[in-house]
Amino acid sequence: MELRIHKSMLEEAVSETASVLGKKSLFPALSGIKMEVRERELVLVGCDGELMIKKVIPVHKGGFESIETGVCVLPADFFQDLVKKMPGPVHMKKVNGRMMMESGEVKTSLSALSTEEYLHIPDVDGDGSISMDSMDLVELVRQTLFAAAKEGSRPVLTGIHLNFSGNHVQAIATDSYRLAFVKKRLNSGKDHSCTIPTKTVRELLKLFKNTKECLKIHITDQLFKVESSQVTLISKLLEGPFPDMEALLSKSSKVELVIDKNRMMYSVDRAGLFAKDSGNHQIKLRLTKEKTLNISSFSPQVGMIEENIPLIKAPGEGEMEIYIDSVFLLEALKAIKGDDIQLFYNGAMSPLILRSRGNDEQIHVVSPVRA
């Protein structure tokens, strides 16, 4: 195999495909990037056995020139660092199991890994694809990712659950202490649901955050695939049923407050400074008789803070006093769109529900903590 390519294009492609690879692997070939020179395109693949990213560079884009077709696997870490340090366009040629590389006055070679031992995830052959705008998909997962569990005894909670149904797509994530739910209109014409690992979601955000095109999504019982014109991501899914969270999204409550989002966000942020030493970052929210929201926090080592925030609306005579994790609450507030938010509270030890005012397409639920 032999090719010529601009350094910047090769560096970007290697970086994108190498990002899925771990530092150590039981299979040496999985620590490498697979390169295939075809007549009309260059294909680079990175795969860790659970997640695969494929980058396609057409002939003449980024200075790519296909001279001789062929395939090889190169050690990702060394290859990536080497390409970064190349002074300009790169000429690559495979000779007797080694990849010869030239760039300007620089000449080097890399030992190729076994192509026969290289594992890959089979391509997805679903019953047709779902088309979705890239920015809608990125926004959907970005607004829910933070609520997924980092680890735990229930692996299914370490991902984002997607549900395509009717004219909507829904994303939901929970670590059992808080929940993020986002819904968008999408006429997919298909009913599919799956739970995607958070590693996959993070790679999806990096790959498609600046993409301005329609993406194609394929889902099977075991695999999730999303592709643009030049990048393909294929991931294994998390196994097991995702818990039914519908009951937590109810609007029925004893207390409903409407408040300026930024004013509350800054107040929670300040109160959180005094809650850093507590294990659950505990702050207190209390509805006062004057219909203001009192936000306070106390640290025996540091001191205390307290402030009252005026409410835009506080109908009814219900009472509210809740201790809550300031980090969880602040992350939910930052994710919510809109200027004003609605807070729903249904009594002692019930969760706090947050919605953007007049918008049911985004809901966040934060469980209370014990004082």
Side-chain angles (χ1 to χ4, degrees), residues 130 132-149 157 159-188 192-196 198 201-202 204-205 208-209 215 217 242-253 255-269 285 293 309 311-313 322 324-346 350-368:
I130 297 170
M132 187 171 183
D133 182 82
S134 60
M135 298 311 296
D136 284 344
L137 180 60
V138 166
E139 187 178 345
L140 190 76
V141 297
R142 178 182 285 152
Q143 292 175 347
T144 51
L145 175 61
F146 67 90
L157 296 186
I160 292 180
H161 186 70
L162 294 182
N163 183 40
F164 296 87
S165 179
N167 60 352
H168 288 94
V169 55
Q170 300 175 348
I172 189 167
T174 180
D175 59 6
S176 75
Y177 299 102
R178 37 113 174 244
L179 177 149
F181 169 91
V182 179
K183 178 171 67 174
K184 287 187 175 294
R185 289 191 173 277
L186 180 69
N187 293 315
S188 66
H192 281 301
S193 65
C194 62
T195 307
I196 308 169
T198 53
V201 176
R202 292 191 184 96
L204 186 155
L205 290 174
F208 301 111
K209 64 181 179 182
L215 302 176
I217 299 171
F242 198 84
D244 185 3
M245 296 292 177
E246 286 296 324
L248 290 175
L249 307 180
S250 172
K251 269 189 173 181
S252 62
S253 63
V255 176
E256 178 189 344
L257 310 178
V258 180
I259 191 168
D260 180 275
K261 184 187 79 169
N262 286 334
R263 183 73 183 271
M264 183 175 181
M265 190 163 59
Y266 297 143
S267 179
V268 170
D269 195 19
L285 308 184
L293 182 63
I309 303 176
L311 299 171
I312 298 171
K313 185 179 179 183
I322 183 173
I324 206 156
D325 188 310
S326 63
V327 174
F328 288 179
L329 181 56
L330 189 60
E331 287 181 335
L333 288 168
K334 288 179 178 179
I336 289 180
K337 283 189 165 186
D339 297 326
D340 302 329
I341 59 169
Q342 294 171 287
L343 303 180
F344 299 90
Y345 178 69
N346 207 32
S350 66
L352 188 68
I353 300 176
L354 298 84
R355 298 173 183 254
S356 180
R357 187 181 188 183
N359 183 356
D360 289 339
E361 294 189 348
Q362 191 176 8
I363 305 170
H364 292 269
V365 181
V366 184
S367 297

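Being a predicted model, the structure only gives us computed values, none of them experimental. When reading the values below, keep in mind they use all heavy atoms of this one structure, side chains included, and skip hydrogens, waters and symmetry mates.
Between the CZ atom of Arg263 and the CG atom of Leu293 there is a distance of 10.5 Å, given to the nearest 0.5 Å. Put simply, CG on Leu140 and CG on Leu145 are 11.5 Å apart, with the number rounded to the nearest 0.5 Å. The line from CG of Leu186 to CD1 of Ile130 is 7.0 Å long, rounded to the nearest 0.5 Å. Within the model, atoms CE of Met135 and CZ of Arg142 stand 6.5 Å from one another, a figure rounded to the nearest 0.5 Å. We find the CG-CG distance between Leu311 and Asp260 to be 11.0 Å, quoted to the nearest 0.5 Å. Note that SG of Cys194 and CG of Leu162 are 5.0 Å apart. Values are rounded to the nearest 0.5 Å.
In this view, Thr195 and His161 satisfy the side-chain hydrogen bond (donor to acceptor under 3.5 Å, both in side chains) rule, not counting sequence neighbours. Not counting sequence neighbours, Phe208 has no partner by the ring pair (Phe, Tyr, Trp, His ring centres under 6.0 Å) test. By the side chain to side chain contact (heavy atoms under 4.5 Å, CB included) test, Ala148 pairs with Ala173, Thr198, sequence neighbours left out. Under the side-chain hydrogen bond (donor to acceptor under 3.5 Å, both in side chains) criterion, Ser267 pairs with Glu307, not counting sequence neighbours. With sequence neighbours excluded, the residues forming a salt bridge (charged side-chain N to carboxylate O under 4.0 Å, His left out) with Lys184 are Glu139, listed by chain and number. Remark: Lys313 pairs with no residue by the side-chain hydrogen bond (donor to acceptor under 3.5 Å, both in side chains) rule, at least two apart or across chains. For the side chain to side chain contact (heavy atoms under 4.5 Å, CB included) test, no residue two or more places apart in sequence or in another chain qualifies with Asp339. Partners of Asp340 according to the salt bridge (charged side-chain N to carboxylate O under 4.0 Å, His left out) rule, which considers only residues two or more places apart in sequence or in another chain, are Arg357. With sequence neighbours excluded, the residues forming a side chain to side chain contact (heavy atoms under 4.5 Å, CB included) with Met245 are Ile172, Thr174, Leu179, Pro243, Leu248, listed by chain and number. With sequence neighbours left out, the side-chain hydrogen bond (donor to acceptor under 3.5 Å, both in side chains) criterion links Glu256 to Gln342.
You'll find the side chain of Val268 reaches within 4.5 Å of the side chain of Leu333, heavy atoms only. With a 4.5 Å cut-off on side-chain heavy atoms, Gln362 and Arg355 do not count as touching. At a threshold of 4.5 Å between non-hydrogen side-chain atoms, the residues Arg202 and Val141 do not count as touching. You'll find the side chain of Met264 reaches within 4.5 Å of the side chain of Ile341, heavy atoms only. Using a 4.5 Å heavy-atom cutoff, the side chains of Met265 and Asp269 are not in contact.
Summarising the geometry of Asn346 relative to Ser253, their closest heavy-atom pair is OD1-CA, 3.3 Å, with the distance given to 0.1 Å. Considering every non-hydrogen atom in both Ala335 and Phe146, the closest pair reads CB-CE2, 3.6 Å. Nearest heavy atoms, Asn359 versus Glu361: OD1-N, 2.8 Å.
Judged by distance alone, the side chain of Gln143 and the main-chain N or O of Ala180 form no donor-acceptor pair under 3.5 Å. Thr144 places no side-chain N or O within 3.5 Å of a backbone atom of Ala171 that could act as its donor or acceptor partner.
Remark: of the listed residues Leu329, Ile363, Ile259, Leu329 is the sole one forming a side chain to side chain contact (heavy atoms under 4.5 Å, CB included) with Leu354.
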Task: Stepwise side-chain contact (heavy atoms from CB on, under 4.5 Å) test for Leu257 and Tyr345 - done: CA-CA 9 Å; Leu257 310 178; Tyr345 178 69; over 6 Å; no
Open item on the list: Test side-chain contact (heavy atoms from CB on, under 4.5 Å) on Leu137 and Ile217; report intermediate values, then the result.
Closed with: CA-CA 10 Å; Leu137 180 60; Ile217 299 171; 4.2 Å; yes
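Residue pairs that meet the ring pair (Phe, Tyr, Trp, His ring centres under 6.0 Å) test with at least one member in residues 163-186, sequence neighbours left out, do not exist here. Sorted by first and then second residue, the pairs that involve residues 162-177 and meet salt bridge (charged side-chain N to carboxylate O under 4.0 Å, His left out), not counting sequence neighbours, are Asp175-Arg178.
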